[in-house]
Asker: 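What follows is a structure written as C-alpha cells; I'll ask about it next.
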Amino acid sequence: MLLSLPDFDLASPSSVAEACALLAKQDGEARLFAGGTDLFVKMKHRRATPRHLINIKGIEGLDHISHDETAGLRIGALCTAQAINDSPVISEKFPVLVQAAGLLGTTHIRNLGTIGGNLANASPSAEFAPPLLVLGASVEAAGIERTRSIPIDEFFLGPGKSALAADEMVTEIRVPVPPAGAEAIYLKHGLRRMDVATASAAALLVADGGLIGEARIALGAVAPTPFRAGPAEAMLRGQAIDGAAADGGLLEQAARRAEEQTEPIDDLRGTAEYRRKIIRLLVRQGLDRVLGRLTGEASP
Ligand SMILES: Cc1cc2nc3c(=O)[nH]c(=O)nc-3n(C[C@H](O)[C@H](O)[C@H](O)COP(=O)(O)OP(=O)(O)OC[C@H]3O[C@@H](n4cnc5c(N)ncnc54)[C@H](O)[C@@H]3O)c2cc1C
C-alpha cells in the first residue's frame, strides 16, 4: 500500500539562526528534517503529524568533517552516514565510527540519513550512539539565545526524547582525541542486514603497561536509551591484559554484568530475553576482539 504524507507547510531556512527562530515561533508544532529517512516514515504512518516542516539541508556549513590532533574530530550535523563511512580521516583516527556508519541501513539510507538526525531522533537503537558514547563525544546545540555543548551521555532522555529544547537543533558532534593506544569496536545484531539493531554494543579499551587502564562499554537497543555500562567497565579497569585475554572468565563476567543493566523490551525484532542473550554475546565478543588487538593477537 502506498502511504501518503499528511498535510504540512514547508520552510527552508538558510541559516541556523533562522531555523531556530522558526522552531521557537511554532512552539513545538514544527519539526526539522535533514535526510527525512526517519521523519517521513513516521509521518506516513501518522506516528508524527507536524504541521510545519523545516528543511535544514540547505543550511551551509553543517556538513564538515575536520580533525585536529589536539581538539579532536568535528562532524557537522548534516554529514551523512555515507560521508562518514567514506572519510579518510575518520577511517584512520576513529574507525569505530566508520564501522557504525557502514552498518546503518542501506546504501540509499546512508546517502540521505545524517548523523544529526540519527542522534536527534533519540532512538534506543541509533547506530552512532554506542560508538560516540565510548568515545566521550559531545553534541553541539544551537538555540535562539545560546549555543551549548551536551555530553552525549546526557543527550538521550528516553525513546524519541533528547535533551534538545524546543528551539534547539544539533549543529555538530565533537569527539575528543582518544587516549593513546585506545582500541574500539562496534558490533550490531539485526534481523537482516538493512534492519535497525536488535541489540548493539561498542567497547573501548586502553592499555596501561600490561593492565587495562581504561574500559568503556556502551549498549544500544536494550534500554529506553543507549547507555554506558558503568559497573561492567569497572570490573575491567586495572586487570592484567594478558590474563583477561587468556582466561575468558573475566570477559564473561563483565558481559553478564552489562546484561544485568539492560531493560529490553519485546517487539517485532526480538523478545526481551533474546535481546539479553544477544547483548551478552556482543559484549563478550567485542571485548575479546579489542583485547586481541591490545595483545597483538588480533582478529580485526
Ligand atoms: C529502511 C531504513 C533503514 C534504517 N536503518 C537504520 C539503521 O540501521 N540504523 C539506524 O540508526 N537508523 C536507521 N534508520 C533510521 C534513519 O535512517 C537514521 O536514524 C538516520 O540517520 C536519520 O537521519 P535523517 O537525517 O534522515 O533524519 P530525519 O528523518 O531528517 O530526522 C529525524 C529526527 O531528527 C530531527 N532532526 C534531524 N536533524 C536534526 C538536527 N540537526 N537537529 C535537531 N533535530 C534534527 C528531526 O526533526 C526528526 O525528529 C533506517 C531508516 C530506514 C527508513
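Whatever order the structure lists ligands and atoms in, that order sets their numbers, starting from 1. Residue numbers count from 1 along this sequence. Any value given below was found using the heavy atoms of this structure, including those in side chains, with hydrogens, waters and symmetry copies removed.
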Asker: Which atoms form the tightest heavy-atom contact between Leu135 and Pro178, and what is the distance?
Answerer: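 Distance-wise, the nearest heavy atoms are CD2-CG, 4.3 Å.
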Asker: Provide, to 0.1 Å, the distance between atom 44 (N) of ligand 1 and the closest protein heavy atom, together with that atom's residue and name.
Answerer: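 Among all protein heavy atoms, the one nearest atom 44 (N) of ligand 1 is Ala120 CB, 3.1 Å.
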Asker: If you have a sec, work out which protein heavy atom is nearest atom 23 (O) of ligand 1 and how many Å separate them, to one decimal?
Answerer: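 Going by distance alone, atom 23 (O) of ligand 1 is nearest to Thr114 N, 3.2 Å.
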Asker: Evaluating non-hydrogen atoms only, which member of Thr37, Leu32, Leu164 is closest to atom 16 (C) of ligand 1?
Answerer: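 Heavy atom nearest to atom 16 (C) of ligand 1 belongs to Thr37.
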Asker: In terms of atom number and element, which parts of ligand 1 are under 4.0 angstrom from non-hydrogen atoms of Phe33?
Answerer: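 Going through ligand 1 atom by atom, the ones under 4.0 Å from Phe33 are 30 (O).
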Asker: Please confirm whether Asp195 comes under 4.0 Å of ligand 1, counting heavy atoms of the residue only.
Answerer: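 Right, Asp195 reaches ligand 1.
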Asker: Under a 4.0 angstrom heavy-atom cut-off, which atoms of ligand 1 come close to Gly105?
Answerer: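 The list of qualifying atoms is 5 (N), 6 (C), 7 (C), 8 (O).
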Asker: Closer than 4.0 Å to some heavy atom of Leu39 - which atoms of ligand 1 meet that?
Answerer: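 With Leu39 as reference, the close atoms of ligand 1 come out as 29 (O).
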Asker: Can you check which of Leu119, Val196, Leu53 brings a heavy atom nearest to atom 6 (C) of ligand 1?
Answerer: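 Nearest heavy atom to atom 6 (C) of ligand 1 lies in Val196.
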Asker: Of the backbone atoms (N, CA, C, O) and the side-chain heavy atoms from C-beta on, which set of Ile109 has a member under 4.0 Å from an atom of ligand 1: side chain, backbone, both, or neither?
Answerer: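 The answer is the side chain.
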Asker: Report the hydrophobic cluster partners of Phe33, with the cluster defined as I, L, V, M, F, W, Y residues connected by side-chain heavy atoms closer than 4.5 angstrom, directly or transitively.
Answerer: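 Members besides Phe33, by chain and number: Leu5, Phe8, Leu10, Leu39, Phe40, Met43, Leu53.
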Asker: If you count the atoms of ligand 1 from 1 in the order shown, which ones are under 4.0 Å from a heavy atom of Arg31?
Answerer: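 This gives 47 (O), 49 (O) as the contact atoms.
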Asker: In ligand 1, which numbered atoms sit nearer than 4.0 Å to a non-hydrogen atom of Ala34?
Answerer: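 Within the 4.0 Å cut-off of Ala34, ligand 1 contributes 25 (O), 30 (O), 38 (N).
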Asker: Among all protein heavy atoms, pick out the one at the shortest distance from atom 3 (C) of ligand 1; state its residue, atom name and that distance to 0.1 Å.
Answerer: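 So the nearest neighbour among protein heavy atoms is Met194 O, 3.7 Å.
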Asker: Within the structure, is a non-hydrogen atom of Leu103 found at a distance of less than 4.0 Å from ligand 1?
Answerer: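 The answer is yes: ligand 1 sits under 4.0 Å from a heavy atom of Leu103.
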Asker: Considering only heavy atoms of Asn121, which atoms of ligand 1 have at least one such atom less than 4.0 Å away?
Answerer: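 Near Asn121, the atoms of ligand 1 are 33 (C), 34 (O).
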Asker: Any side-chain heavy atom of Asp266 sitting closer than 4.5 Å to one from Tyr274?
Answerer: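 A side-chain contact under 4.5 Å is absent here.
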Asker: Specify the protein heavy atom at minimum distance from atom 9 (N) of ligand 1: its residue, its atom name, and the distance to 0.1 Å.
Answerer: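 In this structure, atom 9 (N) of ligand 1 has Glu127 OE1, 2.7 Å as its nearest protein heavy atom.
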Asker: Show the atoms of ligand 1 that are less than 4.0 angstrom away from any heavy atom in Lys188.
Answerer: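 Listed by number with element: 7 (C), 8 (O).
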Asker: Out of all atoms in ligand 1, which are within 4.0 Å of some heavy atom of Ser125? Include the element for each.
Answerer: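 Those of ligand 1 that fall under 4.0 Å from Ser125 are 11 (O).
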Asker: Under the 4.5 Å side-chain heavy-atom rule for ILVMFWY, direct or indirect, which residues accompany Leu23?
Answerer: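 Val16, Leu22, Leu32, Ile54, Ile56, Ile59, Leu62, Leu78, Met169, listed by chain and number.
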Asker: Can you measure from OG (Ser200) to NE2 (His189) and round to the nearest 0.5 angstrom?
Answerer: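 If we round to the nearest 0.5 Å, Ser200:OG and His189:NE2 are 11.5 Å apart.
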Asker: Please classify the Lys57 to ligand 1 contact at 4.0 Å (heavy-atom distances, strictly less than): side chain, backbone, both or neither.
Answerer: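 For Lys57, there is no contact with ligand 1 at all, from either part.
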